[in-house]
Visitor: 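Here it is: the structure, laid out below.
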There are 2 protein chains.
Amino acid sequence: MNRPLAISRQDHILNALDAAGAVSVSLLAERLGVSRETIRRDLKALADQGRANLVHGGAARGTTAEPSLAARQAANARGKAAIGRKAASFVEDGTVVLLDSGSTTLALAYALVERKDITVLTNSLPIALLLCRSSGVKVTMLGGEIDPNDEAAFGIDTLAALEHFRVDLAFIGVGGISAEGELTDYSRLASEQRHRMMKAGKKVFLLVDHSKFERRTPVKMAIGSQIAALIVDKPPPKRIAQAFAARRWPVIQAKA
Amino acid sequence: MNRPLAISRQDHILNALDAAGAVSVSLLAERLGVSRETIRRDLKALADQGRANLVHGGAARGTTAEPSLAARQAANARGKAAIGRKAASFVEDGTVVLLDSGSTTLALAYALVERKDITVLTNSLPIALLLCRSSGVKVTMLGGEIDPNDEAAFGIDTLAALEHFRVDLAFIGVGGISAEGELTDYSRLASEQRHRMMKAGKKVFLLVDHSKFERRTPVKMAIGSQIAALIVDKPPPKRIAQAFAARRWPVIQAKA
DNA sequence: TGCCGGTGTGGCATTTTGTGGCAATTTCTG
DNA sequence: CAGAAATTGCCACAAAATGCCACACCGGCA
C-alpha cells in the first residue's frame with residue numbers, strides 16, 4: 001500500500017536517536033515496516049551526513065551524555081540494566097504496566113522501548129519522555145508536584161490520578177532495605193504513594209539492585225499487598241534473604 | 001464538484017504538509033481521487049513557489065520535513081527565545097504560572113530557569129523536566145495521556161487536573177493563525193484543552209512566533225476569555241494585525 | 001470549428017526497496 | 001576458553017515504486 005516516505009523514516013530515526021541515544025536496525029525495521037537492509041541504508045545515509053554514528057546492530061549518537069540521568073544510572077548501571085531486562089520479560093503484550101520513579105525502573109523502561117502493544121503508566125518524567133520518544137508504547141503520565149530529586153510526580157494529585165486506572169503489573173522501586181530486611185523509603189509521602197501503587201497493581205514486582213541492601217532510609221514502607229517477586233541483580237545478604245523467605249517473597253536474580 | 005478544483009487541491013496538500021510535515025504522492029492521489037501525475041504537477045507548482053520541497057515519493061516542508069518537537073525547536077529558535085524572554089518579564093515573584101506545551105513555551109521555560117519564587121504548572125514533559133532539573137521553580141505536572149508529537153499530556157485527566165489550580169498567568173501557544181486572523185490548532189482535543197487553560201488563567205498571554213502566521217491547521221480555536229496580550233517576534237501581516245485589533249488584543253513585539 | 005488549459009494514460013528510465021547468499025561479528029553454552 | 005548458534009553486515013541482483021515525457025482526451029470558449 002503506502003509506504004512511509006523515506007524522508008519521514010529518517011526523521012523518525014533521528015528522533016529515536018535523540019531520545020534513546022542509540023537505535024537498533026532490527027527494531028526500526030519492525031517499527032517502520034520496512035526491511036532491515038533499508039534501515040541500514042538509511043543509517044548509512046545519516047552517517048554520511050554526520051547525523052548518526054554507525055555501530056554494530058544499529059547507530060548511536062556521538063557523545064551524548066544525558067544529564068543527570070546517566071550520572072545516576074552510572075551507579076551500578078549494569079546491575080540495573082539486568083534487572084530491567086529481567087523485569088521486562090514479565091510484561092506481556094496488551095497489558096497495562098505501572099512504573100514507579102527511580103533509576104532502576106528507568107532501566108526497565110529502556111528494556112521496554114522495543115515493545116509496542118503495552119500501556120505504561122508512570123509518575124516519572126524521564127520514563128515518560130523516553131517511552132514517548134522512542135517506542136510504540138502508549139504512555140500516560142501521572143501528574144502532581146514534581147520532586148526535583150526523583151524527577152517524578154508525587155502528592156495528592158498523583159494519588160488521585162492513580163485511582164482511575166486498572167493496572168496489570170506494577171514495578172516498584174525501594175529506597176533501601178534495612179539489615180533486618182525491612183523496606184524503607186525517603187519520605188512518608190513517597191512511601192505512601194508506593195503503597196498505593198502496589199495496591200493498584202494486580203501483580204507487584206519490587207526492583208532492588210544490590211546497592212540498596214543494608215542502606216538505611218528513614219521511613220518504613222508499608223507493604224499492603226502480595227508481592228509477585230523481588231527482582232535483584234545479586235543475592236541479598238543472609239539476614240535479608242531470610243526475612244524475604246519469611247514473608248514468602250520469591251526472589252528472582254537477573255543475570256548480567 | 002466531482003473533481004476538486006486545482007486550487008483547492010493544492011490547498012489540501014499544503015494543509016497536509018503542515019499537519020504531517022511530509023506528504024506522499026500516492027496517498028494524495030488516492031485521497032483526492034486524481035492521478036499521481038496530477039499530484040506530481042501540483043507539487044511541482046508548489047515547489048516552484050517555494051511552498052514545498054520535493055523529495056522522492058512526495059514533498060516535505062522546509063529543509064527538513066518534520067513536526068516533532070526537537071525540530072520545531074530549531075525552527076526560528078532566535079525568535080522563540082526572544083518571545084520567551086519577553087514573556088518571562090511579565091512573571092512576577094510569587095505567582096502561579098501555567099505553561100502550555102510547545103516549542104515556544106519551552107523557550108519561555110528556558111527564560112524562567114533562574115527564577116525561584118514561582119510555581120509552574122505544565123502539561124509538557126520537556127518543560128517539567130527542564131525546570132525541575134535546573135531551577136528553584138516549584139513544578140507541577142498535569143498528567144494525562146502523552147501525545148508523542150507534543151511530548152505533553154492531553155485528555156480528560158489533564159483537563160480534570162487543571163480544575164484544581166488557581167493560575168495567575170497562563171501562557172498559551174497556537175498551532176497556526178489563518179490569513180483571516182483566526183487562531184487554529186491541530187486537533188479538537190488540543191484546542192479544547194488550550195481553551196480550558198485560558199479559562200483557568202487570570203491573565204492570558206498568547207505566544208506566537210512568526211512562523212505561525214498564515215499557517216493552516218485544521219481546527220478553529222475557541223477563545224473563551226480575555227487575552228492580556230499576544231507576544232510575537234515579528235509584526236504580523238496587515239490582515240492578521242487588523243483582525244487582532246478588531247478583537248482588542250494588544251500585540252507586544254519581543255526584540256531579538 | 002479550432003484553440004487552450006488541465007487531466008489521464010502508457011511506456012521507459014531512474015530510484016528505491018526487498019531478497020537471498022555468504023562472511024564477519026556477537027552471544028550463548030558447556 | 002573453544003565451538004556452536006544467532007545476529008548482523010555486506011553485496012549483487014530482482015522487484016517494486018516513482019519520475020518523466022509524449023500524446024490523447026475532455027470541456028469551455030471565441
Side-chain angles (χ1 to χ4, degrees), chain A residues 1-14 16-17 20-49 51-61 77-79 81-86 88-89 107 110-111 113-115 233 252-256, chain B residues 1-14 16-17 20-49 51-61 64-66:
Chain A
M1 241 293 250
N2 282 307
R3 276 201 306 267
L5 228 42
I7 189 160
S8 20
R9 222 176 33 222
Q10 303 191 358
D11 214 48
H12 180 107
I13 294 174
L14 284 178
L17 213 46
V23 293
S24 89
V25 172
S26 310
L27 177 59
L28 287 171
E30 188 192 343
R31 179 98 65 242
L32 297 172
V34 296
S35 73
R36 288 202 299 276
E37 191 59 24
T38 299
I39 296 295
R40 284 200 63 263
R41 287 190 265 242
D42 283 338
L43 292 181
K44 180 127 187 359
L46 293 174
D48 286 344
Q49 301 168 26
R51 312 223 271 168
N53 231 320
L54 295 185
V55 298
H56 189 92
R61 175 131 287 184
R78 261 214 326 250
I83 293 176
R85 282 194 300 273
K86 188 71 184 174
S89 71
Y110 271 105
V113 159
E114 321 196 347
R115 310 298 289 273
D233 61 333
I252 297 172
Q253 186 180 341
K255 291 171 205 165
Chain B
M1 190 56 193
N2 282 346
R3 186 189 299 155
L5 289 176
I7 301 290
S8 66
R9 222 174 35 221
Q10 302 191 0
D11 210 48
H12 180 107
I13 292 174
L14 285 178
L17 251 184
V23 293
S24 87
V25 172
S26 309
L27 191 61
L28 286 171
E30 190 187 335
R31 283 259 201 288
L32 298 173
V34 296
S35 72
R36 291 211 310 268
E37 191 58 27
T38 299
I39 297 295
R40 282 200 62 263
R41 289 191 265 243
D42 283 338
L43 291 181
K44 180 121 184 12
L46 293 174
D48 286 343
Q49 300 168 29
R51 313 229 271 165
N53 217 316
L54 294 185
V55 297
H56 189 92
R61 196 57 154 173
T64 63
E66 99 98 331

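First the proteins, then the strands, lettered A, B, ... as listed; each starts at 1. Being a predicted model, the structure only gives us computed values, none of them experimental.
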Visitor: Expressed in angstrom and rounded to an integer, what is the separation of A:Gln10 atom CD from C:dT16 atom C1'?
Guide: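 Rounding to the nearest Å, CD of A:Gln10 and C1' of C:dT16 are 12 Å apart.
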Visitor: Which whole-number value in Å describes the distance from B:Lys44 NZ to D:dG19 P?
Guide: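 It is 13 Å, rounded to the nearest whole Å.
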Visitor: If you take atom types as modelled and just measure distance, does the side chain of B:Arg41 reach the base of C:dG8 with a donor-acceptor pair under 3.5 Å?
Guide: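 Check passes, donor-acceptor contact within cut-off.
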Visitor: CD1 of B:Ile39 versus P of C:dG6: gap in Å, rounded?
Guide: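 Going from B:Ile39 (CD1) to C:dG6 (P), I get 15 Å.
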Visitor: I'd like a table of atom pairs between the protein and nucleotides 5-9 of chain D - only N or O on both sides, under 3.5 Å - with the distance next to each one.
Guide:
| residue | atom | partner | partner atom | Å |
| --- | --- | --- | --- | --- |
| D:dT8 | OP1 | A:Ser26 | OG | 3.4 |
| D:dT8 | OP2 | A:Ser26 | OG | 2.9 |
| D:dT8 | O3' | A:Gly57 | N | 3.1 |
| D:dG9 | OP1 | A:Gly57 | N | 2.7 |

Visitor: Check the phosphate of C:dG18 against A:Ser35, side-chain N and O only, distance under 4.0 Å to OP1 or OP2. Yes or no?
Guide: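 Looking at the OP1 and OP2 atoms of C:dG18, one of them is under 4.0 Å from a side-chain N or O of A:Ser35.
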Visitor: Once you round to the nearest 0.5 Å, how far does CG of B:Asp42 lie from CG of B:Leu32?
Guide: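 The CG atom of B:Asp42 sits 8.5 Å away from the CG atom of B:Leu32.
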Visitor: Checking side chain to side chain contact (heavy atoms under 4.5 Å, CB included) against A:Leu54, which of A:Asp48, A:Val25, A:Leu43 comes through?
Guide: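 Going through A:Asp48, A:Val25, A:Leu43 one by one, the side chain to side chain contact (heavy atoms under 4.5 Å, CB included) with A:Leu54 is satisfied by A:Leu43 alone.
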Visitor: Please find the pair of heavy atoms, one from B:Leu17 and one from B:Ala52, that lie closest to each other, and give the distance.
Guide: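 Closest heavy-atom pair between B:Leu17 and B:Ala52: CD1-CB, 3.7 Å.
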Visitor: Rounded to the Å, how far apart are B:Leu43 CG and C:dT7 P?
Guide: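 Answer to the nearest Å: 13 Å.
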Visitor: If I take atom CZ from residue B:Arg36 and atom OG1 from residue B:Thr38, how far apart are they, to the nearest 0.5 angstrom?
Guide: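 It is 11.0 Å, given to the nearest 0.5 Å.
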Visitor: Let me know the distance between CG of B:Leu28 and C1' of D:dT18, rounded to the nearest Å.
Guide: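 Roughly 14 Å, once rounded to whole Å.
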Visitor: What's the separation between atom OG in A:Ser24 and atom CZ in A:Arg31, rounded to the nearest 0.5 Å?
Guide: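 Rounded to the nearest 0.5 Å, the OG-CZ separation comes to 9.0 Å.
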Visitor: B:Leu54 has an atom CG; how far is it from atom P of D:dG19, in whole Å?
Guide: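 Distance, rounded to whole Å: 9 Å.
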Visitor: To the nearest 0.5 Å, how far apart are CD in A:Gln10 and CG in A:Leu28?
Guide: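 Here the rounded value is 11.5 Å.
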